[in-house]
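To start, the structure under review is shown below, and the notes come after it.
The structure presented is a predicted model; accordingly, all values stated were derived computationally and were not measured.
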Amino acid sequence: MDEGEAYDLIRRKLPGALRFIEKNLDESLLDISRSLRKSATPPSETLLAAVERKTQSLIGGRAAADLRLSLMSGAGASAASHHGVESYPEIVQGNLMFGLEEICQALSGKPFAPILVLACENVPLASATCPGGFLFGRRRNWDRLERVHLFKRSRDRLIAGRAPALELKDLNRFLAEIWRSELRSWEKNGLARIIEPLTADDSFLNAPDFPAQASLLNRGLWDMRFKSRAAPTLAFLSLEGLASDCLLEDLARSNSLAFQLIEDRQALAVILSRLCGVSGCWERALLDDPSAELLKDRSRPLGTVLFWEVSPLGRAAPMGLSASGERLALVGPSLSLPLRPNDLRDALAAKEIMPGLFLSFATLGPGHGLRTYGGVYMADYLPRMFRTLKETSLLSEEMDLSWAGGLVAGPLPIRFDSGLPGGDGIFPAGAVELAAAGPFGDDFFHALGRLKLSEIWTFSASEWYIEETRPPERSEGWAGVTGKMRSVGDSLRLGPT
């Protein structure tokens, strides 16, 4: 294997991310942040009001009003996160990169705005990014990232958005297990810095559910990274929750994108057909009058048609499309809904269903004018979703959706040097590593802003190769090649304190 093979694999699997990298290779991270946070078109009043309403209790009325003004100027949102503990290195570093303009404004004494992060809540607590616990930057023998769980494993299948609040006994049990574990000393220290303050935080312990706690916890993680008090506020919201607020109005308005999507059977047929098999959408089996047995089969990655069914226990299941003559219905394992705006609206208000990624992004983006930027997969599927919408009569050809290929999670400018040899030595820094090494002064963030994609690309590509290929599929000599790829370029290097 040589470097060319690694790049070819990335080109095949992550073409959208690679296009963004190649287009912006010589741009600094600060310039990229600035370009992603500017638009001439403000979002709809419906969306602005929903964001302000949701953030007032999280970040305070003044900051919520400042966020509204920032969105009116076209700032957009980072949407690569999952609604839980934000510890995955690509996501953690991505949100820092997305917010760099506001961070540097704050540190320079200039006016700055809060940063909006939208997180997908329809992911199990034990999903790949471990929203129900913490991921570390280091890998187990060059394979999966090391992880620890905050919740008992019996809750693994709960989606993060419906998980119950963590109690004091859960935090104490977690800390006791951590100190007894074989984790590295800096990992234990980093986790202790994060968790121990929560055991005395009434606002966290009295929060009504885990999503509310995750918003508080992630804002705390964000604040821990800054020595200076002058740092922008992080507003961490549910992607589906914000989309649902907009949909509750849209499904009552005949001129909205969502209403027309449901009612225009010809346009709907085009979308359902052309997005089959696309990440974030649905598989063909869900359009062929799916059975209850198929919908309950969790061994198959089916996606969902427009909405997920959410059980009272807090588990999500796919919905398929059932046809009986001219009548269409969305069906799940235990729910059948006529495909009519009012019926869908009622089920959404009752929290029996939750919008899927396609409907969420279509609603927030072309539906309400919010620019959402994501990770290496989203850089492929979001432009395809929007192109397909434009191929129908639902969107104007003049609508500017070129921003949809923007990348905020994937490039890795911050490395952690443990001082140990091999794969346990130098690796991407996630939330635990940043907690173990921080907080950071102004120089750190200004240096981060000066880095160019060309300087961090090769290290990032080595991580993508490892992440995208299972061990049996890796070419002979891959470890040596990726090792070389990780040794070139530049980055910010941290170490345990």
Side-chain angles (χ1 to χ4, degrees), residues 16 39-48 50 74 76-77 79 118 239-240 242-284 286-287 303-308 319-321 323 326-330 337-345 347-348 353-374 378 380-406:
S39 169
T41 306
S44 71
E45 175 57 30
T46 295
L47 185 136
L48 291 170
L118 297 180
L239 170 76
E240 294 91 345
L242 182 59
S244 293
D245 276 17
C246 294
L247 282 167
L248 286 171
E249 294 197 25
D250 292 351
L251 293 173
R253 294 189 299 111
S254 61
N255 63 342
S256 72
L257 174 61
F259 192 103
Q260 294 175 31
L261 172 64
I262 301 300
E263 290 287 273
D264 189 330
R265 295 296 194 247
Q266 184 176 359
L268 180 63
V270 169
I271 289 166
L272 292 175
S273 174
R274 295 185 184 175
L275 291 180
C276 271
V278 174
S279 180
C281 297
W282 44 83
E283 294 297 328
R284 172 65 62 183
L286 293 177
L287 305 180
T304 196
V305 176
L306 303 181
F307 291 92
W308 295 93
M319 302 193 80
L321 192 65
E326 293 296 315
R327 299 178 61 185
L328 293 177
L330 287 180
L337 293 170
L339 194 63
R340 296 192 296 251
N342 284 342
D343 293 276
L344 297 174
R345 188 171 185 268
L348 189 63
I353 59 175
M354 175 186 295
L357 286 181
F358 166 74
L359 188 56
S360 292
F361 284 123
T363 298
L364 297 177
H368 286 273
L370 179 68
R371 296 189 175 206
T372 51
Y373 304 103
M378 191 169 154
D380 284 321
Y381 69 67
L382 196 62
R384 188 165 178 181
M385 289 176 180
F386 292 171
R387 282 197 305 270
T388 304
L389 275 170
K390 277 197 170 185
E391 291 168 2
T392 71
S393 58
L394 299 178
L395 291 184
S396 165
E397 275 297 323
E398 287 70 43
M399 181 177 286
D400 178 21
L401 297 171
S402 59
W403 52 266

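- For Ser256 (side chain) and Asp250 (main-chain N/O), a donor-acceptor pair under 3.5 Å exists by modelled atom type.
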| query | Does the side chain to side chain contact (heavy atoms under 4.5 Å, CB included) test come out yes or no for Leu287 and Cys276, once each step is laid out? | reply | CA-CA 9 Å; Leu287 305 180; Cys276 271; 3.4 Å; yes

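- The CG atom of Leu328 sits 7.5 Å away from atom CG of Leu268, with the distance rounded to the nearest 0.5 Å.
- Among Leu359, Leu275, Leu286, the one residue that satisfies the side-chain contact (heavy atoms from CB on, under 4.5 Å) test with Val305 is Leu286.
- The two residues Gly406 and Tyr373 have their closest heavy-atom pair at CA-CD2, 3.8 Å.
- When all heavy atoms of Ala79 and Phe361 are compared, the closest pair comes out as CB-CE2, 4.1 Å.
- Side chains of Asn342 and Arg340: a donor-acceptor N/O pair is absent below 3.5 angstrom, by distance only.
- Counting heavy atoms from C-beta on, the side chains of Leu344 and Leu337 come closer than 4.5 Å.
- Heavy-atom minimum distance, Met385 versus Gly280: CE-O, 3.9 Å.
- Side chain of Thr304 to main chain of Met319: a donor-acceptor pair is present (N/O by atom type, distance under 3.5 Å, no hydrogens or angles).
- Residues Met378 and Leu357 fail the side-chain proximity criterion, which asks for heavy atoms closer than 4.5 Å.
- Using modelled atom types, one side-chain atom of Trp282 and one backbone atom of Leu272 make a donor-acceptor pair closer than 3.5 Å.
- Here the side chains of Leu261 and Phe358 are in contact, with some heavy-atom distance below 4.5 Å.
- Within the model, atoms CG of Leu330 and CH2 of Trp308 stand 13.0 Å from one another, a figure rounded to the nearest 0.5 Å.
- Note that CZ of Phe259 is 11.5 Å distant from CG of Asp264, once rounded to the nearest 0.5 Å.
- For the pair Glu283 (side chain) and Gly303 (backbone), a donor-acceptor distance under 3.5 Å is absent.
- Using a 4.5 Å heavy-atom cutoff, the side chains of His368 and Cys246 are in contact.
- Atom OG1 in Thr46 sits 9.0 Å away from atom CG in Leu48 (nearest 0.5 Å).
- Scanning both residues, Asp343 and Pro338, for their nearest heavy atoms gives CB-O, 3.7 Å.
- Contact check for Tyr381 versus Phe386: no side-chain heavy atoms found under the 4.5 Å cut-off.
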N/O donor to acceptor pairs below 3.5 angstrom from side-chain atoms of residues 394-401, sequence neighbours left out:
| residue | atom | partner | partner atom | Å |
| --- | --- | --- | --- | --- |
| Ser396 | OG | Glu398 | N | 3.0 |
| Ser396 | OG | Glu398 | OE1 | 2.8 |
| Asp400 | OD1 | Ser402 | N | 3.1 |
| Asp400 | OD1 | Ser402 | OG | 2.7 |

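- Contact detail for Arg384 and Thr388: the closest heavy-atom pair is O-OG1, 2.8 Å.
- With a 4.5 Å cut-off on side-chain heavy atoms, Leu118 and Glu240 do not count as touching.
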| said: Before you tell me yes or no, could you show the steps for Gln260 and Glu263 under side chain to side chain contact (heavy atoms under 4.5 Å, CB included), namely the whole-Å CA-CA distance, both residues' side-chain angles and the distance that decides it to 0.1 Å? | reply: CA-CA 5 Å; Gln260 294 175 31; Glu263 290 287 273; 5.9 Å; no

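- How far CZ of Arg345 is from OG of Ser244: 12.0 Å, rounded to the nearest 0.5 Å.
- For residues 266-278, the set of pairs meeting the side chain to side chain donor-acceptor pair (under 3.5 Å) definition, not counting sequence neighbours, comprises Arg274-Glu391.
- Partner of Leu306 under the side-chain contact (heavy atoms from CB on, under 4.5 Å) criterion, chosen from Leu339, Ile271, Leu321: Leu339.
- Pairing each heavy atom of Leu382 with each of Ala404, the nearest pair is CD2-O, 3.8 Å.
- Taking CG of Leu257 as the reference point, atom OG1 of Thr363 lies at 6.5 Å (rounded to 0.5 Å).
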